[in-house]
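Every heavy atom of this structure was used, including side-chain atoms; hydrogens, water molecules and symmetry mates were not.
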Amino acid sequence: MDTVLVTIPFSHYCEKARWALQRCGVGFGEQGHLPLFHALAVRRAGGRRMVPVLITAEGMVQESAAIAAWADARRPGTLLPVQPAARRAALELEDLFDRQLGPATRRWAYHQLLPDKRALAALMARGAPAWERAAFRLLRPAAIALMRKAMNINPAGAERSRAKIEEVFEQVGERLHDGRSFLTGERFTIADLAFAALAAPVLFPPGHPFMPDAGGALQRSARQQVDAWRASAAGRFGLRLYTTQR
Ligand SMILES: N[C@@H](CCC(=O)N[C@@H](CS)C(=O)NCC(=O)O)C(=O)O
């Protein structure tokens with residue numbers, strides 16, 4: 001296979017890239033790794049530190065937004081509207097979700113799940129080599145400490161992220177208030193895809209290829225928070241996109 005997506009399988013930015021490639025009909029293989037082990041694969045592909053990285057016959061593409069644009073160029077108009085103003089509107093929303101929603105949902109979800117061995121094992125159960133899973137189990141305390149430090153995962157960070165998620169969900173709810181089907185109008189675009197994929201760590205959408213319903217592992221207050229987000233206008237929208245567009 002010429003085209004390979006290097007991922008951490010359950011990463012929401014990787015899910016965004018995977019969904020974009022599939023939506024645009026691109027054939028590709030996936031090479032999944034667990035956190036920390038991904039770094040070597042990224043370097044081998046010629047990238048810098050983070051997944052997703054797409055290896056193509058023409059070269060390497062890094063960053064979910066660039067991968068989505070690359071995919072759309074294979075079937076123009078699938079995710080990025082051709083009309084300039086509509087395209088700009090979709091890209092602006094994608095950028096907002098990439099910069100604000102993605103880091104917040106990740107930090108809040110990790111804060112809830114990292115202390116729970118079983119939830120973490122379920123999250124890491126599929127899509128990465130068995131030896132990485134075994135090694136991660138051995139290294140778990142050190143690996144978790146590194147992840148906490150790198151992503152600022154602590155009670156204060158989780159609380160700031162909760163507030164950020166509320167803010168973005170409210171903005172999305174307001175946009176949908178006029179009854180439109182999708183964020184920029186009546187067509188599904190990269191804005192919708194980015195919202196659904198990057199909100200997934202706090203919505204646990206059935207139909208997500210790599211996210212088990214870890215809801216059972218959440219503490220009661222976190223479960224109540226997830227239920228509230230799922231019931232909000234933005235949450236219902238994200239869940240609907242997974243049912244109807246994924
Ligand atoms: N802006 C990047 C964000 C990618 C990102 O944050 N990737 C995370 C996984 S969710 C990662 O690779 N983290 C590992 C690291 O930073 O070493 C994108 O859209 O692709």
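The pair Glu15-Arg246 counts as a salt bridge, with a side-chain nitrogen and a carboxylate oxygen less than 4.0 angstrom apart. Here Arg180 does not pair with Glu186 in a salt bridge; the nearest charged N to carboxylate O distance is not below 4.0 Å. A salt bridge links Arg74 to Glu58: one of the charged nitrogens lies within less than 4.0 Å of a carboxylate oxygen.
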**OP:** Would you please test Leu183 and Val172 for side-chain contact (heavy atoms from CB on, under 4.5 Å) and show each step?
**Re:** CA-CA 7 Å; Leu183 288 171; Val172 165; 3.9 Å; yes
**OP:** Take Phe188 and Leu79 through the test side-chain contact (heavy atoms from CB on, under 4.5 Å) and record every step on the way to the result.
**Re:** CA-CA 7 Å; Phe188 179 81; Leu79 291 171; 4.0 Å; yes
**OP:** Determine, stepwise, if the pair Leu193 / Leu241 fulfils side-chain contact (heavy atoms from CB on, under 4.5 Å).
**Re:** CA-CA 8 Å; Leu193 187 157; Leu241 293 178; over 6 Å; no
**OP:** Please report the C-alpha distance between Gln31 and Leu5 in whole Å, then the side-chain angles of each, then the deciding distance to 0.1 Å, and finally whether the side-chain contact (heavy atoms from CB on, under 4.5 Å) criterion is met.
**Re:** CA-CA 6 Å; Gln31 187 195 118; Leu5 185 65; over 6 Å; no
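A donor-acceptor pair under 3.5 Å is formed between the side chain of Gln62 and the backbone N or O of Met50. Side chain of Asn152 to main chain of Gly157: no donor-acceptor pair is present (N/O by atom type, distance under 3.5 Å, no hydrogens or angles). At distances below 3.5 Å, not a single donor-acceptor pair connects side-chain atoms of Arg87 with backbone N or O atoms of Val82. Although no hydrogens or angles enter the test, the distance criterion places a donor-acceptor pair under 3.5 Å between the side chain of His38 and the main chain of Arg49. Asp192 places a side-chain N or O within donor-acceptor distance of the main-chain N or O of Thr189, the cut-off being under 3.5 Å. One N or O on the side chain of Arg107 and one on the backbone of Met151 form a donor-acceptor pair closer than 3.5 Å. Checked by atom type and distance alone, the side chain of Thr243 pairs as donor or acceptor with a backbone atom of Leu239 at under 3.5 Å. Of the possible polar contacts, none joining the Gln219 side chain to the Ala222 backbone as a donor-acceptor pair under 3.5 Å is found. Under the 3.5 Å distance criterion, the side-chain polar atoms of Asp2 are left unmatched by any main-chain donor or acceptor of Thr56.
Ile144 and Ile8 fall within a single hydrophobic cluster, where Ile, Leu, Val, Met, Phe, Trp and Tyr side chains are chained together by heavy-atom contacts under 4.5 Å. Under a hydrophobic clustering in which Ile, Leu, Val, Met, Phe, Trp and Tyr are joined whenever their side-chain heavy atoms come within less than 4.5 Å, directly or via other members, Leu34 and Trp131 fall into the same cluster. At a threshold of 4.5 Å between side-chain heavy atoms, the hydrophobic network of Ile, Leu, Val, Met, Phe, Trp and Tyr places Val6 and Leu36 in two separate groups. Under a hydrophobic-cluster definition in which Ile, Leu, Val, Met, Phe, Trp and Tyr are linked whenever side-chain heavy atoms come within less than 4.5 Å, directly or via other members, Leu40 and Met147 are assigned to different clusters.
Taking all atoms of both residues into account, the shortest heavy-atom contact from Pro209 to Arg18 is CG-NH1, 4.1 Å. Closest heavy-atom contact between Arg236 and Ala231: NH1-O, 2.7 Å. Nearest heavy-atom pair, Ala234 versus Phe169, reported as atom, atom and distance to 0.1 Å: CB-O, 3.4 Å. Minimum interatomic distance between Pro9 and His33 (heavy atoms only, all atoms of both residues): CD-O, 3.4 Å. Between Val53 and Val42 the shortest heavy-atom distance is CG2-CG1, 4.0 Å. Thr105 and Ala199 get closest at one heavy-atom pair: CG2-CA, 4.1 Å.
Going from atom OG of Ser232 over to atom CG of Asp227 covers 11.0 Å, rounded to the nearest 0.5 Å. For the atom pair Ile190 CD1 and Asp95 CG, the distance stands at 11.5 Å (nearest 0.5 Å). Note that the CG atom of Leu138 and the CZ atom of Arg133 stand 13.5 Å from one another [nearest 0.5 Å]. For the atom pair CG (Leu80) and CD (Gln83), the distance works out to 13.0 Å, reported to the nearest 0.5 Å. Put simply, CE on Met211 and NE2 on His12 are 8.0 Å apart, with the number rounded to the nearest 0.5 Å. Here the CG atom belonging to Leu176 is positioned 8.0 Å from the CG atom belonging to Asp178, to the nearest 0.5 angstrom.
Side-chain contact between Leu54 and Val4: absent, with no pair of heavy atoms (C-beta onward) separated by less than 4.5 Å. Residues Arg220 and Arg223 form no side-chain contact, since every pair of their non-hydrogen atoms from C-beta on lies 4.5 Å or further apart. Annotation: side chain of Pro35 is in contact with side chain of Phe10 (closest heavy-atom distance under 4.5 Å). Annotation: side chain of Asp98 is in contact with side chain of Tyr13 (closest heavy-atom distance under 4.5 Å). The shortest distance between side-chain heavy atoms of Arg106 and Pro201 does not fall below 4.5 Å.
Evaluation of the ring-ring contact (aromatic ring centres under 6.0 Å, His included) test over residues 47-90, restricted to residues two or more places apart or in two chains, returns none. For residues 89-111, every residue pair satisfying the ring-ring contact (aromatic ring centres under 6.0 Å, His included) rule, not counting sequence neighbours, is listed here: Phe97-Phe195, Trp108-Trp229.
Cation-pi geometry between Arg240 and Phe182 is met: under 6.0 angstrom from the ring centre, within 45 degrees of the axis.
Looking at residues two or more places apart in sequence or on another chain, you find a side-chain hydrogen bond (donor to acceptor under 3.5 Å, both in side chains) between Glu94 and Lys16. Remark: Gln225 pairs with no residue by the side-chain hydrogen bond (donor to acceptor under 3.5 Å, both in side chains) rule, at least two apart or across chains. Applying the side-chain hydrogen bond (donor to acceptor under 3.5 Å, both in side chains) rule to Glu174 yields no partners; only residues at least two apart in sequence or on another chain are considered. In this structure, the side chain to side chain contact (heavy atoms under 4.5 Å, CB included) partners of Ala66, at least two apart in sequence or on a different chain, are Val61, Glu63.
No more than 12 heavy atoms of other residues, nucleotides or ligands lie within 6.0 Å of CZ in Arg43, so this atom counts as exposed by the packing criterion. More than 12 heavy-atom neighbours from other residues, nucleotides or ligands sit within 6.0 angstrom of CZ on Arg99.
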